[in-house]
Amino acid sequence: MGFVIFIYCFGIRRTIIESYAPVNAWDLLIILLSDVNLIIYFVLPFLLYFYVTFLVKDFEYHILIRLGSYKKWVLIASKKILLYLALTIIVWLLVAFIMSIGLPFASEWSSGSKLFEPTAIMRQYFDLPLLALLYQIVMFVITTFIILMSVTTIYVFLQSWRWISFVVTVLYIFSFVSWKLFPEYLAKLSLSNYVVMFQTLNLWNNTLTIPLIAIVSLGLIYLAVQFKDGKQIVSFTSFQTGIVVYLFVLVLGTYFMADTRSNTVIDLFLLNFFGTSSEGYTFLSYLYYIVIFFGFLYLAQIYLASEFSELSYYKIIRYNSMFKWMGEWLRNILLMAILYLFFIFILTLTVAYFKGIEFSFRVTVVEDMKFTSLLYHFFINGFLQISIYILLSITLQIVSKSSSTNLVTIGIFIALLFPGYKYIPVGLNGYSHLIYGTSPMIVSLYLILIVLVEGVCIFYLLNKKYIFEGV
């Protein structure tokens, strides 16, 4: 493999040198690792051939029986894929660096980078050529990994070397035909546009296309393997059904909340999570905050109610103390809160992507607002605010010994969310507070103080065994 890559790359280097273009080593490295002919004609077929050889030789039933499931075997196969890809990238990079000998390693783009399509497109998205090179390598690895994992999943179902050879052959023919013969309106179906990153950028105009495709593809692969293992994919309780419905509402709400005034994805974050403050609010931002944060709180309250309803002396004895019992499920709720914030973050990015909003970290709708402050406020203060809601719900659950206060608690929060209530720890994670001059650090300190006060109250109630009156 190394010899073929060397010969081909030598030809590219010679062409560039003879053009007398003022390029540097980074330009050559990016061009060599972004050559669609090399990838489609050699690198991809090479990886497919050797990986299918591995599949056919290593798929044995005694190994499958020892592992106990197809999922574990696919996991082992994925490690083999990463090994193949790592070796390929190492050889490719070594050859590319050898070819770059004699060219200057400047830290910035050269003036000649505008003359070649890969570097001319890459420099529009990356300030440094090193970042462009790393992006090409990482995204190529992700794309090829998804392709080989798909082949693995298909083989798990077919379990025939003849059929998998046919599938791989069709895949290779498709990669060639889609690259050479597909018209422009079918460009998004061409495989070449997803293994060469400058073509991906030129097609989709953002850097997150490959990661989003990877997330969806890995999810489908996981479901397929679960199905092969004979496990139920869809088996919802009423609570889980409620979660699915809620997530569907979230997706729709986030999509229709995408403000047309948003020039960048960060503008979209700022406007979506504006919230309310004593200085002002919008009715849509008020409703969206209720759906996003109080919707999650309601699901957390249902989980709390089930934990308290199952409380018994036997459970307390098993945990040795009330604090261990509470720590067990409180940790789960807070972990879900963190994952929920990341889900909302990714959902907003995805909506921005489909809305065609520019993927930039600039804030254009508000002056003197830093991206780092927005990110900090969303995750740190968002987590602290959710913690306050949850801890207050726990306190009221302990005091009332009934889940009937859940909706009342949310109703009070919704009322307090209206503008005009100063120093009330409700809705402080909304961006309106930052826009009107409040420091995110000040908000954090105030929220931490409230969390500590609520924690002391819960500690007092548990220490006094107040909860046992309801057991």
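Note that the coordinates shown come from a computational prediction; the quantities given were computed from them, not determined experimentally.
Of all heavy-atom pairs between I30 and P129, the closest is CD1-O, 3.6 Å. Here the closest non-hydrogen pair linking L384 and S444 is CD1-O, 3.9 Å. In plain terms, the two heavy atoms of I40 and F176 that are nearest each other are CG2-CA, 4.3 Å. Listed here is the closest heavy atom pair of Y125 and I121: CD1-O, 3.4 Å. In this structure, I390 and L304 approach most closely via the heavy-atom pair O-CD1, 4.5 Å. S175 and L191 get closest at one heavy-atom pair: CB-CD2, 3.4 Å.
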- Task: Applying ring pair (Phe, Tyr, Trp, His ring centres under 6.0 Å), run through W179 and Y41 and close with a yes or a no.
- Result: CA-CA 11 Å; W179 171 43; Y41 283 125; 5.7 Å; yes
- Item | Verdict with reasoning, I12 to L38, per side-chain contact (heavy atoms from CB on, under 4.5 Å) | CA-CA 11 Å; I12 296 176; L38 180 61; 5.9 Å; no
- Task: Just do the side-chain contact (heavy atoms from CB on, under 4.5 Å) check on I344 and F378 with the steps written out, would you?
- Result: CA-CA 10 Å; I344 295 298; F378 180 79; 3.8 Å; yes
- Task: Quick one: do W92 and F97 satisfy ring pair (Phe, Tyr, Trp, His ring centres under 6.0 Å)? Show the steps, please.
- Result: CA-CA 9 Å; W92 203 348; F97 274 109; over 10 Å; no
- In sequence, state the C-alpha distance, the side-chain angles, and the governing distance for N37 and F42, and then conclude on side-chain contact (heavy atoms from CB on, under 4.5 Å). CA-CA 8 Å; N37 290 284; F42 180 71; over 6 Å; no
- Should V363 and T264 be marked as a side-chain contact (heavy atoms from CB on, under 4.5 Å) after you check the CA-CA gap, both sets of side-chain angles, and the distance that decides it? CA-CA 7 Å; V363 181; T264 68; 6.0 Å; no
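In this structure, the side chains of S111 and P22 come closer than 4.5 Å at one or more pairs of heavy atoms. V225 has its side chain out of reach of W73: every pair of non-hydrogen atoms, C-beta onward, lies at least 4.5 Å apart. A heavy-atom distance below 4.5 Å is not found between the side chains of S78 and T152. Residues L103 and I17 are in side-chain contact: their nearest non-hydrogen atoms beyond the backbone lie under 4.5 Å apart. Within the 4.5 Å cutoff, no side-chain heavy atoms of L133 are placed close to those of M122. In this structure, the side chains of L48 and L148 come closer than 4.5 Å at one or more pairs of heavy atoms. Side-chain contact between N381 and L447: present, with at least one pair of heavy atoms (C-beta onward) separated by less than 4.5 Å. Y340 is listed as a side-chain neighbour of L250, based on a closest heavy-atom distance under 4.5 Å.
Within the 3.5 Å criterion, the main-chain N or O of K114 finds no donor-acceptor partner in the side chain of W109. No side-chain donor-acceptor contact under 3.5 Å links H433 to the backbone of V443. No donor-acceptor distance shorter than 3.5 angstrom exists from the side chain of R13 to the backbone of L32, with no hydrogens or angles considered. T276 contributes a side-chain N or O that, together with a main-chain N or O of L417, makes up a donor-acceptor pair within less than 3.5 Å. At least one donor-acceptor pair closer than 3.5 Å links the side chain of T15 to the backbone N or O of G11. Within the 3.5 Å criterion, the main-chain N or O of L434 finds no donor-acceptor partner in the side chain of H377. Side chain of N24 to backbone of D27: a donor-acceptor contact under 3.5 angstrom is found. Using a distance-only test at 3.5 Å, with no hydrogens or angles considered, a donor-acceptor pair links the side chain of D267 to the main chain of T364.
Interatomic distance, L44 CG to I147 CD1, rounded to the nearest 0.5 Å: 5.5 Å. How far OG1 of T144 is from CE of M149: 13.5 Å, rounded to the nearest 0.5 Å. The line from CZ of R14 to SG of C9 is 15.0 Å long, rounded to the nearest 0.5 Å. Between the CD1 atom in I16 and the CE atom in M99 there is a gap of 11.5 Å [rounded to 0.5 Å]. Taking OG1 of T207 as the start and CG of L131 as the end, the distance is 11.0 Å to the nearest 0.5 Å. Of the inter-residue distances, the one linking S439 atom OG with Y376 atom OH reads 8.0 Å to the nearest 0.5 angstrom.
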Enumerate, atom names and distances included, each donor-acceptor pair closer than 3.5 Å involving a side-chain atom of residues 212-223, sequence neighbours excluded.
from, atom 1, to, atom 2, distance (Å)
S217, OG, I213, O, 2.8

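No hydrogens or angles considered: a donor-acceptor pair under 3.5 Å links the side chains of Y288 and T254.
Within the structure, every pair that satisfies the side chain to side chain donor-acceptor pair (under 3.5 Å) test and touches residues 186-195, not counting sequence neighbours, is listed here: S190-S192, N193-Q199, Y194-W204.
For F182, the side chain to side chain contact (heavy atoms under 4.5 Å, CB included) partners two or more places apart in sequence, or in a different chain, are F174, V177, S178, L186, L189. Remark: L158 engages I154, W163, V167 in a side chain to side chain contact (heavy atoms under 4.5 Å, CB included) (not counting sequence neighbours). Under the side chain to side chain contact (heavy atoms under 4.5 Å, CB included) criterion, V265 pairs with F269, L349, A352, sequence neighbours left out. Partners of I346 under the side chain to side chain contact (heavy atoms under 4.5 Å, CB included) rule, at least two apart in sequence or in another chain, are T350.
Between Y289 and the options F294, F296, F273, Y431, a ring pair (Phe, Tyr, Trp, His ring centres under 6.0 Å) holds for only F294.
For F10, the CZ atom sits in a loose shell: 12 or fewer heavy atoms of surrounding residues, nucleotides or ligands are nearer than 6.0 Å. A 6.0 Å sphere centred on CD of E108 holds no more than 12 heavy atoms belonging to other residues, nucleotides or ligands. Annotation for Y49: atom OH does not count as buried by contact number, only 12 or fewer foreign heavy atoms lying within 6.0 Å.
Here the two rings, on F342 and F379, have centers that are under 6.0 Å apart. Close placement of the F413 and Y389 rings is indicated, their centers lying within 6.0 Å of each other.
Between F105 and W26, the ring planes lie perpendicular to each other; the angle is over 60°, past the 30° to 60° tilted range.
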